[in-house]
Amino acid sequence: MPTGVRCAIVPATPLPHESPSRMADRLKIATWNVNSIRSRMDHVGRFVDENAPDVLCLQETRCPDGIFPSSPLRKLGYEHIVLNAKSGHHGVAILSKRPLADVVIERTAGIDEPRHIAATVTFAGAPLWLHNLYVPAGGDEPDAAINPRFAAKIAFLDALTAWSAVVGRAGRGVLVGDLNVAPLPDDVWSHKQLLSVVSHTPGETERLEAVRSAGGWVDAVRKVRPVPEKVFTWWSYRAKDWKAANRGRRLDHLWVTADLGGSLAAVEVRPETRDWERPSDHVPVVATLTA
DNA sequence: ATGGTTGTGTGACAA
């Protein structure tokens, strides 16, 4: 039978008795702290070649809006780009092969830094919220009384908890980003040695768990790679041999709302990017949703 | 062993 005849009898739009959410679909979402988009354009190209995500959420783009490399990224297939960047510091972006809508430039915890952007993308015929976050690192001293950067991190996490209780419970959402907290003992190379190191202190790990539980989010990476397996997404630049030392932390996360837990078809961390020439210190996390 | 490295409209500072 000629293809044209077959197309003529199979409508592209859902039949009246089908609800949009029942449409078959597959959406691959990646998150990556690239530590400067301009310094990492070749890596982004290689990552896209090898992984072909439909949506790529970036953190730490470190690029003023006016010189953001939108044109080469569009040529990679990401025609839809939304930014919260502004200056050479911080910065988040969502790149998508599918149209983005409902863009929200968030100003979480009243911090005047570009660290949060949200938008919707169509998945299985209905809007899916994408929340791309870059939580403040917090400086070196884990004491809010003497370190304003740590105080700002704590305030940011507390603000996210209240936000999460609304956004997470609404459903059809994916929260990704560099959350700068390794929440579980097996998310760091040494739980005991990192208990007083910013990113793994009880004050941070308990707060990140509060953010997650308030919204009922599913930690996608731990759904497929449960504890006690060690899983890391970040290795310091300061190690002589990052792979041999393997003193990593899981700072980068991909969460889905509870209603989408059953839609997770694949979840992967891509540590090979850490071995590429002049890498980011963070590696991508990728998840595929199917419906 | 309190170091070590990377990046930013170039220079102290964040990560």
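Chain letters run A, B, ... following the sequence lines, proteins first, then strands; residues in each count from 1. The shown structure was predicted, so the numbers you read here are calculated from the model rather than taken from an experiment.
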Quick check on contacts: within [range], what sits under 4.0 Å from DNA chain B by heavy-atom distance?
range	value
residues 131-146 of chain A	A/Tyr134, A/Ala137
residues 245-252 of chain A	none
residues 83-90 of chain A	A/Gly88, A/His90

Contact nearer the 5' end of DNA chain B, comparing A/Ser39 with A/Tyr237 =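 Its nearest nucleotide lies further toward 5', so the answer is A/Tyr237.
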Tell me which of A/Asn33 and A/Ala239 sits closer to the 5' end of DNA chain B, going by the nucleotide each one is nearest to.
->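 Nearest nucleotide further toward 5': that of A/Ala239.
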Residues two or more places apart in sequence or in another chain: which of them pass side chain to side chain contact (heavy atoms under 4.5 Å, CB included) with [X]?
X	value
A/Ser236	A/Trp234, A/Arg238
A/Glu79	none
A/Arg74	A/Ser70, A/Ser71, A/Ile81
A/Pro99	A/His80

Phosphate OP1/OP2 of B/dT5: any A/Ser236 side-chain N/O under 4.0 Å |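 So the side-chain polar atoms of A/Ser236 never come under 4.0 Å of the phosphate oxygens OP1 or OP2 of B/dT5.
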If you look only at pairs with a residue in residues 249-269 of chain A, which of them pass as a salt bridge (charged side-chain N to carboxylate O under 4.0 Å, His left out), with sequence neighbours excluded?
->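 Every salt bridge (charged side-chain N to carboxylate O under 4.0 Å, His left out) pair that includes a residue of residues 249-269 of chain A, provided the two are not neighbours, is A/Asp187-A/Arg250, A/Asp219-A/Arg250, A/Glu268-A/Arg270.
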Round to the nearest Å and state the distance from [X] atom [atom1] to [N] atom [atom2].
X	N	atom1	atom2	answer
A/Asn180	B/dA14	CG	P	14 Å
A/Phe68	B/dT8	CZ	P	13 Å
A/Trp242	B/dA15	CH2	P	23 Å
A/His282	B/dA14	NE2	C1'	12 Å
A/Gln193	B/dA1	CD	P	14 Å
A/Trp235	B/dA15	CH2	P	21 Å
A/Arg62	B/dT5	CZ	C1'	12 Å
A/Arg238	B/dG7	CZ	C1'	12 Å

Counting heavy atoms from C-beta on, name the nucleotide in B/dA15, B/dT8, B/dT6 closest to the side chain of A/Arg149.
->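 For the A/Arg149 side chain, the nearest candidate turns out to be B/dA15.
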What pairs with A/Tyr134 under ring pair (Phe, Tyr, Trp, His ring centres under 6.0 Å), at least two apart in sequence or on another chain?
->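 Applying ring pair (Phe, Tyr, Trp, His ring centres under 6.0 Å) to A/Tyr134 gives none.
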Could you list the residues that satisfy ring pair (Phe, Tyr, Trp, His ring centres under 6.0 Å) with A/His191, not counting sequence neighbours?
->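 Expected list: A/His200.
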Got a sec, which pairs hit side chain to side chain donor-acceptor pair (under 3.5 Å) with one end in residues 143-160 of chain A, sequence neighbours left out?
->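 Sorted result for residues 143-160 of chain A: A/Lys153-A/Glu204, A/Asp158-A/Arg207.
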Quick one: hydrophobic cluster around A/Trp129, which other residues, with the 4.5 Å side-chain cut-off, linked directly or via members?
->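 Taking Ile, Leu, Val, Met, Phe, Trp and Tyr as members, A/Trp129 shares its hydrophobic cluster with A/Val104.
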Can you check the distance between [N] and [M], where both ends of the measurement are the [atom1] atom (answer in whole Å)?
N	M	atom1	result
B/dA14	B/dT10	P	16 Å
B/dA15	B/dG4	C1'	13 Å
B/dT6	B/dA1	C1'	23 Å

Quick one: does NZ or CZ of A/Arg247 land under 6.0 Å from the six-membered ring centre of A/Trp189, within 45 degrees of the ring axis?
->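 Positive - A/Arg247 is close enough to the ring of A/Trp189 and near enough to its axis.
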Shortest non-hydrogen separation from A/Thr205 to A/Ala182 and the atoms involved =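 It is CG2-O, 3.4 Å.
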pair A/His89-A/Thr61: side-chain heavy atoms closer than 4.5 Å =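 No, every pair of side-chain atoms sits at 4.5 Å or beyond.
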